[in-house]
*Asks:* 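Quick one: structure below, then a few questions.
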There are 2 protein chains.
Amino acid sequence: MTKDFECMQESYAKEVLREKGLKSTTQRLAVVHILHMSEKLLSIGEIHGGVKDMLGNTGLATIYRTLEMFEDLGIVKRLHFPDGGHGYAFSQGEHVHHMVCVDCRGVFDFSECPAENFDYASVEKQGFRVKDHFIQLFGQCGKCVEAA
Amino acid sequence: MTKDFECMQESYAKEVLREKGLKSTTQRLAVVHILHMSEKLLSIGEIHGGVKDMLGNTGLATIYRTLEMFEDLGIVKRLHFPDGGHGYAFSQGEHVHHMVCVDCRGVFDFSECPAENFDYASVEKQGFRVKDHFIQLFGQCGKCVEAA
DNA sequence: TATTAAATGAGAATAATTTTCAATTAATCC
DNA sequence: GGATTAATTGAAAATTATTCTCATTTAATA
Ligand SMILES: [Mn+2]
Ligand SMILES: [Mn+2]
Ligand SMILES: [Zn+2]
Ligand SMILES: [Zn+2]
């Protein structure tokens, strides 16, 4: 019994995993599925819950291991909430940024980089070399604006 | 015995606290002191250690309480490391951003906003309202560039 | 289908954070 | 300076989050 359908995100993940000699386990693919289906950022617990719904019992450690690995592979992005918590979003490797709704944790990504034409040189004092940046926008999504 | 000297950060903190009807306790002022003396981001544990060096035994819960409160008051900023950890930096309420050295956790702040002239409208689809942004630059500080 | 290195699950072990409550203290008023 | 009082602290317990270990399972490969 082979699956006759496979979403883009799933095949992308499998490809990345194969390239690195890593296995495409059911658990890992379930994490991809849960994440790419979600409109909002998911916590570790929510992802674990989702995977358990799909597969039955699944070790929480596996979820931790998978998410850390996916983050290294650029498959997921870990975002930060003002309250200190974290949420995960699927992210296909490209350089994208995220808008996060602080009310419902909804997330939308966009590829335009807000720091696009910022002159890093102006800020690289004392020899500091900027290698990367992390940008996250906060606000309210359409629904939560109305509801407010 | 009154202190005959008080740094700007300390008086700033005391002012903010008074305005909100909060007490300027020795512990809170020690946290301000530790933070503004530091060239690098400090973890909760490091802050706790520093405060203990200054005051003798101090409850860890107080450090947590203080940092959370300071963050709400805009007195400190909590930054995120790629490895998942967090570091705190003193921050005087103004809108600043931080460059973080991933090697030594050194931090430099700058006021120019990388997203200065970004057109948020272009990204405010489906009624999303951007209220705030979080930007953090990663790289290596001068010393760590040389050492590498 | 057999082989095998990689991955998982269960639970123990750590680490991080929050809660509770009696004791202490900073601010205020005399 | 001393009394008053609400805010704050410390200590320990309670939660919650994360990592580790190791015996068992499984995906990939031939
Ligand atoms: Mn974080
Ligand atoms: Mn800015
Ligand atoms: Zn929302
Ligand atoms: Zn450095």
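Convention: sequence-line order gives letters A, B, ...; per-chain numbering from 1.
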*Asks:* Do the charged groups of A:K143 and A:E146 touch, with an N to O distance under 4.0 Å?
*Replies:* no
*Asks:* Could you encode protein contacts along nucleotides 2-14 of chain C as a string, one character per nucleotide from 5' to 3', using B for base contact, S for sugar-phosphate-only contact and - for no contact, with a heavy-atom cut-off of under 4.0 Å?
*Replies:* ---BBSBBS----
*Asks:* Taking 5' to 3' order, which nucleotide of DNA chain D is first and which is last to have an atom within less than 4.0 Å of a heavy atom in chain A?
*Replies:* D:dA17 to D:dA28
*Asks:* Under 4.0 Å between a side-chain N or O of B:Y64 and OP1 or OP2 of C:dT18?
*Replies:* no
*Asks:* Is A:R28 positioned over the aromatic face of A:F70, cation under 6.0 angstrom from the ring centre and no more than 45 degrees off axis?
*Replies:* no
*Asks:* Looking only at atom types and distance, does a side-chain atom of A:Q92 sit under 3.5 Å from a main-chain N or O of A:Q9, one as donor and one as acceptor?
*Replies:* no
*Asks:* Applying salt bridge (charged side-chain N to carboxylate O under 4.0 Å, His left out), which residue pairs with at least one partner in residues 59-74 of chain B are found, sequence neighbours left out?
*Replies:* none
*Asks:* Backbone N or O of A:L73 within a donor-acceptor pair of the A:K20 side chain at under 3.5 Å?
*Replies:* no
*Asks:* Mind checking what makes ring-ring contact (aromatic ring centres under 6.0 Å, His included) contact with B:Y12, not counting sequence neighbours?
*Replies:* none
*Asks:* List the residues meeting side-chain contact (heavy atoms from CB on, under 4.5 Å) with A:D132, not counting sequence neighbours, and say none if there are none.
*Replies:* B:F138
*Asks:* Toward the 5' end of DNA chain C, which comes first, B:E68 or B:R18, by nearest nucleotide?
*Replies:* B:E68
*Asks:* Nearest-Å distance, CG (B:L17) to P (C:dA27)?
*Replies:* 9 Å
*Asks:* So how far off straight is the helix from C:dT1-D:dA30 to C:dC30-D:dG1, going by the axes through five pairs at either end, to 10°?
*Replies:* 50°
*Asks:* How many Å lie between NE2 on B:H48 and P on C:dA15, as a whole number?
*Replies:* 16 Å
*Asks:* Looking at B:T58 and B:G56, would you say the former's side chain and the latter's main chain have a donor-acceptor pair under 3.5 Å?
*Replies:* yes
*Asks:* Please confirm whether the ring centroid of A:H80 lies under 6.0 Å from the ring centroid of A:H98.
*Replies:* no
*Asks:* What I'd like to find out is whether the side chain of B:Y120 reaches to under 4.5 Å of the side chain of A:L137, using heavy atoms alone.
*Replies:* yes
